[in-house]
Amino acid sequence: MKKTKILGFAAATLVSAGAAYAGTLEDVQARGTLNCGVNTGLAGFASPDANGEWQGFDVAYCRALAAAVLGDPSAVEFKSLTGKTRFTALASGEIDILARNTTWTFSRDVDLKFDFVGVNYYDGQGFIVPKDLGVTSAKELDGATICVQTGTTTELNLSDFFRKNNISYEPVNIETEAEAKQQYLSGSCDAFTTDASGLAASRATYEDPSAHVILPEIISKEPLGPVVRHGDNDWADIARWTLNALIAAEEYGVTSANVGEMSAAATDNPEVNRLLGTEGNLGEMYGLSADWAAKAISVGGNYGEIFSKNIGEDTPIGLARGLNAQWTEGGLLYSPPFR
């Protein structure tokens, strides 16, 4: 989810914080671990499994980045952050990158002085209600109590939607996904609103998912993506092109199963060769090994593999690719060329 205002940090403070961490790559390599900010627990995106190991769509990106930079996908320290604490943690240097269902907005980019390195999930805000409430449209929620996470753009979107449709609601403020689940299932609110992907992830953990309906309205654009501080272009480039590598790998048919074979010898596709480091010097341009992208891809596979394993239609989350399909398949995913 998303935050509109950072608590306790003026824009000037954030500029200084960005400047103070202009050597993030060097810090990460000297430390030997990547500090990655993730959700406090959102099924399919970022949550610990039964063994306490973090798993999920956002987690997979962090592990790919660690593999690219450190050669070790397990060299990640995951920091669970709420909507309120995530930007403070990034600005202060507590984390090196934020990969936590965070929406790219003008104010976060320009005023808060953060850099979004790309979009890893095209989303939109929606509503979930109990099926027995008998509601089939968000426009029927006049007078409803609605659970909404504080310190997020979700709050503003919610207010805008109800004002535009001349209907009223009573907000029930929550801090975390766990609190939202508890409040909603206990009947403290009639509906819960957040990103549609988050609604699907939350519903998958309910005792009876079929008893809850995600309403058809999508009331906002929520391009979610990894975030770094302003002032360190080298680190932003690495984070950006690691995401691009996962996207491009799917387009070109590079998978976790064949990346080793394709890296061992040049293919007949120069773009793939440059991506995997068997041709050219792309890794050298920002201080990484020639096979940095191959290492990233080998961890959890390409973008499509990561999506399918963690949140795809064959998982309890059950998300279709939709806008998150490759551009060649009618979606919005598109990596700039590796050349």
Side-chain angles (χ1 to χ4, degrees), residues 34 36 38 43-47 49-51 53-76 78 99 118-121 197 226 238-280 282-283 288-339:
L34 172 72
C36 184
V38 292
F45 285 88
S47 59
D49 63 16
N51 298 316
E53 291 291 320
W54 282 90
Q55 305 289 343
F57 182 79
D58 289 329
V59 169
Y61 167 75
C62 293
R63 295 199 187 283
L65 182 59
V69 173
L70 299 170
D72 182 0
S74 67
V76 186
F78 291 101
V119 177
N120 70 347
Y121 193 93
S197 65
I238 291 169
R240 177 178 300 109
W241 284 97
T242 298
L243 175 59
N244 287 338
L246 301 178
I247 294 171
E250 180 183 18
E251 178 180 351
Y252 295 121
V254 183
T255 69
S256 55
N258 66 23
V259 64
E261 179 184 349
M262 296 179 77
S263 299
T267 72
D268 58 4
N269 186 332
E271 185 92 355
V272 171
N273 296 340
R274 290 189 292 267
L275 171 67
L276 300 181
T278 59
E279 182 178 319
L282 299 187
L288 298 184
S289 63
D291 62 347
W292 65 275
K295 290 176 180 176
I297 297 162
S298 67
V299 179
N302 60 42
Y303 180 94
E305 290 178 277
I306 293 170
F307 190 105
S308 177
K309 175 184 176 181
N310 293 288
I311 57 176
E313 292 181 284
D314 293 331
T315 70
I317 313 303
L319 294 173
R321 288 292 292 269
L323 296 177
N324 297 291
Q326 289 280 339
W327 67 286
T328 52
E329 301 294 328
L332 298 179
L333 280 195
Y334 189 115
S335 170
F338 280 78
R339 60 173 182 262

Closest non-hydrogen atom pair between A245 and I297, with its separation: O-CD1, 4.2 Å

Spacing of CD1 belonging to I317 relative to CZ belonging to F45, to within rounding of 0.5 Å: 7.5 Å

Pairwise side-chain contact, F57 with I306, heavy-atom cut-off 4.5 Å (strictly under): yes

Residues T242, W292; criterion side chain to side chain contact (heavy atoms under 4.5 Å, CB included); working and verdict: CA-CA 8 Å; T242 298; W292 65 275; 3.9 Å; yes

With D49 via side chain to side chain contact (heavy atoms under 4.5 Å, CB included) - residues at least two apart: N51, E53, Q55

Selection residues 248-266 - residue pairs positive for side chain to side chain donor-acceptor pair (under 3.5 Å), sequence neighbours left out: E250-R321, E250-Q326, E251-W327, T255-N258, S256-E305

Any donor-acceptor N/O pair, Y303 side chain to N120 backbone, under 3.5 Å: yes

Could you pull out every donor-acceptor pair under 3.5 Å between side chains of residues 64-72 and any protein atom, sequence neighbours left out?
residue : atom : partner : partner atom : Å
D72     : OD1  : S74     : N            : 2.9
D72     : OD1  : S74     : OG           : 2.6
D72     : OD2  : S74     : OG           : 3.3

Non-neighbouring partners of N273 that pass side chain to side chain contact (heavy atoms under 4.5 Å, CB included), sequence neighbours left out: A266, T267, T278, E279

Which atom pairs, donor and acceptor, lie under 3.5 Å between side-chain atoms of residues 332-339 and protein residues at least two apart or in another chain?
residue : atom : partner : partner atom : Å
S335    : OG   : N244    : O            : 3.4

Test side chain to side chain contact (heavy atoms under 4.5 Å, CB included) applied to L276 and V259, step by step: CA-CA 8 Å; L276 300 181; V259 64; 4.0 Å; yes

Whether W54 and F78 hold their rings parallel, tilted or perpendicular, with breakpoints at 30° and 60°: tilted

Verdict with reasoning, I311 to Y121, per side chain to side chain contact (heavy atoms under 4.5 Å, CB included): CA-CA 11 Å; I311 57 176; Y121 193 93; 3.8 Å; yes

A99: partners by side chain to side chain contact (heavy atoms under 4.5 Å, CB included), with sequence neighbours left out: C36, D58, Y61, C62

